[in-house]
Number of protein chains: 2
Amino acid sequence: MTRRSTLGARNRGIPEATVARLPVYLRALHTLADRGIVTVSSEELAAAAGVNSAKLRKDLSHLGSYGTRGVGYEVQYLVYQISRELGLTQDWSVAIVGLGNLGRALAGYGGFASRGFRMAALLDADPAIVGERINGLTVEHIDKLEHVITDCGISIAVLAVPASAAQAVCDRVVASGVTSILNFAPVVLTVPDGVDVRKVDLSIELQILAFHEQRKAGGPAGVEHEYLEAVDGQ
Amino acid sequence: MTRRSTLGARNRGIPEATVARLPVYLRALHTLADRGIVTVSSEELAAAAGVNSAKLRKDLSHLGSYGTRGVGYEVQYLVYQISRELGLTQDWSVAIVGLGNLGRALAGYGGFASRGFRMAALLDADPAIVGERINGLTVEHIDKLEHVITDCGISIAVLAVPASAAQAVCDRVVASGVTSILNFAPVVLTVPDGVDVRKVDLSIELQILAFHEQRKAGGPAGVEHEYLEAVDGQ
DNA sequence: CCCTGTGAAGCCATTCACAGCT
DNA sequence: AGCTGTGAATGGCTTCACAGGG
């Protein structure tokens, strides 16, 4: 058994599953705070976040003992602790690469700058887009990528480029010092150790839904119709 | 121990984690097929999909024994089997509700209609947007939601509406018969049993990246600076 | 001999249930 | 009396390692 600090839970090594839920709790807490609610029980907060209360308590216990037995959690205090744990008490400069429809939508997304994230640069390869002003920022040519990333101290890059360009752009942002990437291109990116990639993929999400949808309707189709019939024309 | 069919693995009950990876394998297979590759080993396919080969083989084993020992998997055959399992051999009609920046980006997304998904309806509440033509479809007023969903046989809805409207829109699409929802609004949706919801949330993804980014830089900030200083007035 | 398919082991996450603090 | 924090139990997923077919 691993020995821990005597004083409660100053534990480095928060489970990944917990980390993924902290932002959800944080949002729920902000909503409660806006309604002027001062204290919340694990039961109530769990309901607001769409999880069960045991999971919520276990998750929060990884950060420390921030609740009061018999009472619950102080909303503002928990907001602060989760924000600090997630690294939102400091500002992160974010660059968006690729300003097609999706990139523009992301650039215009409000809740973005709201907490901890500063949209610091927009980059695109298309001369027709370069120079355009979007949400108060001028789109720079991707040739300046290395320069811009270094100058603005950007550590997080959002890739909204075509699939065919994604790996090359990824390599360049990594070479420039970016260590976190949010990838919207439908490709598996290869990065060195120490670089984190998260993927958002509409098409994959739809396919997962289709699987469950089909299941509700009673198992896969084509069980009795042969593979060769199906490929035939294809 | 659960008794299984004697004949290998015609197993209903594919693990959720596997289902989530099947679309990735499918995309990798399509890429291989485009390059004219006929046969692939688990090692090669796993590399293309960004997983290890043991996981890939275990995943595929849940669908059946579609490989050949000593050889590998036939690309086209595997494409067909995974497509069928995911329910992509039939067409699904999808509605997008909310045609702000994000909704437009989604509506214009090509790889969408590509395999199995037909964009069947666009809906919005804003009179300035209703009537507009996007990607060959006319935006309908959200008043017609129930009508459109029933008529077009829509079972999957994509919500790209403001957070404040999301639950209400969700309730309406569910009442109209939709049983799968892809939610881009930053709220936790409540739905009846039997309805699947998947969430895509830019802000959450960024916060998860920030957590790891902060960790690389050496643990949470503000450990030695007190909570009360930070909130000040509180 | 190569590569798949799979028991078995190990690891991580969720859930239960209650001791202990307020 | 109420609610948190947490050991212990459970269940699911990943990884190992190899039996067995081609």
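Labels below follow one simple rule: chain letters A, B, ... track the order of the sequence lines, proteins then strands, and each chain is numbered from 1.
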### Query
Separation of I14(A) atom CD1 from dC12(C) atom P, in whole Å?
15 Å
### Query
If the sugar-phosphate is the primed atoms plus P, OP1 and OP2 and the base is the rest, what is the B/S/- string for nucleotides 16-22 of chain D, using protein heavy atoms under 4.0 Å?
-B-BBBS
### Summary
Applying side-chain contact (heavy atoms from CB on, under 4.5 Å) to A163(B) and not counting sequence neighbours gives P186(B), V187(B)
#### Entry: For E44(A), all residues meeting salt bridge (Lys or Arg N to Asp or Glu O under 4.0 Å), sequence neighbours excluded
none
### Task
Please find out if less than 6.0 Å separates the ring center of Y66(A) from that of Y73(A).
no
### Message
In whole Å, I'd like the distance from the CG atom of D59(A) to the P atom of dC12(C).
### Response
16 Å
### Whole-Å gap separating P (dT4(C)) and NZ (K55(B))
17 Å
### Message
For residues 154-177 of chain A, which residue pairs pass the salt bridge (Lys or Arg N to Asp or Glu O under 4.0 Å) check, not counting sequence neighbours?
### Response
E146(A)-R172(A)
### Query
E74(A) has an atom CD; how far is it from atom C1' of dT4(D), in whole Å?
16 Å
### Query
Rounding to a whole Å, what distance do you find between H62(B):NE2 and dG7(C):P?
11 Å
### Query
Which salt bridge (Lys or Arg N to Asp or Glu O under 4.0 Å) pairs, counting each pair once, include a residue from residues 157-170 of chain B, with sequence neighbours left out?
none
### Query
Taking CG from L60(A) and C1' from dT6(D), how many angstroms apart are they, rounded to a whole number?
13 Å
### Task
Can you tell me the distance, in whole Å, between the CG atom of L63(B) and the C1' atom of dT6(C)?
15 Å
### Query
CD of E43(B): more than 12 outside heavy atoms within 6.0 angstrom?
no
### Query
Can you list the residues that meet the side-chain contact (heavy atoms from CB on, under 4.5 Å) rule with T190(A), with sequence neighbours excluded?
Q167(A)
## Note on the structure
residues 46-61 of chain A vs salt bridge (Lys or Arg N to Asp or Glu O under 4.0 Å), sequence neighbours excluded, gives R21(A)-D59(A)
### Within residues 15-44 of chain B, residues whose heavy atoms come under 4.0 Å of DNA chain D
P15(B), E16(B), A17(B), R21(B)
### Message
Does anything in residues 194-207 of chain B form a salt bridge (Lys or Arg N to Asp or Glu O under 4.0 Å)? List the pairs, not counting sequence neighbours.
### Response
R27(A)-D201(B), R198(A)-E205(B), E205(A)-R198(B), K216(A)-D196(B)
### Query
Distance check: side-chain N/O of Y66(A) vs OP1/OP2 of dC3(D), anything under 4.0 Å?
no
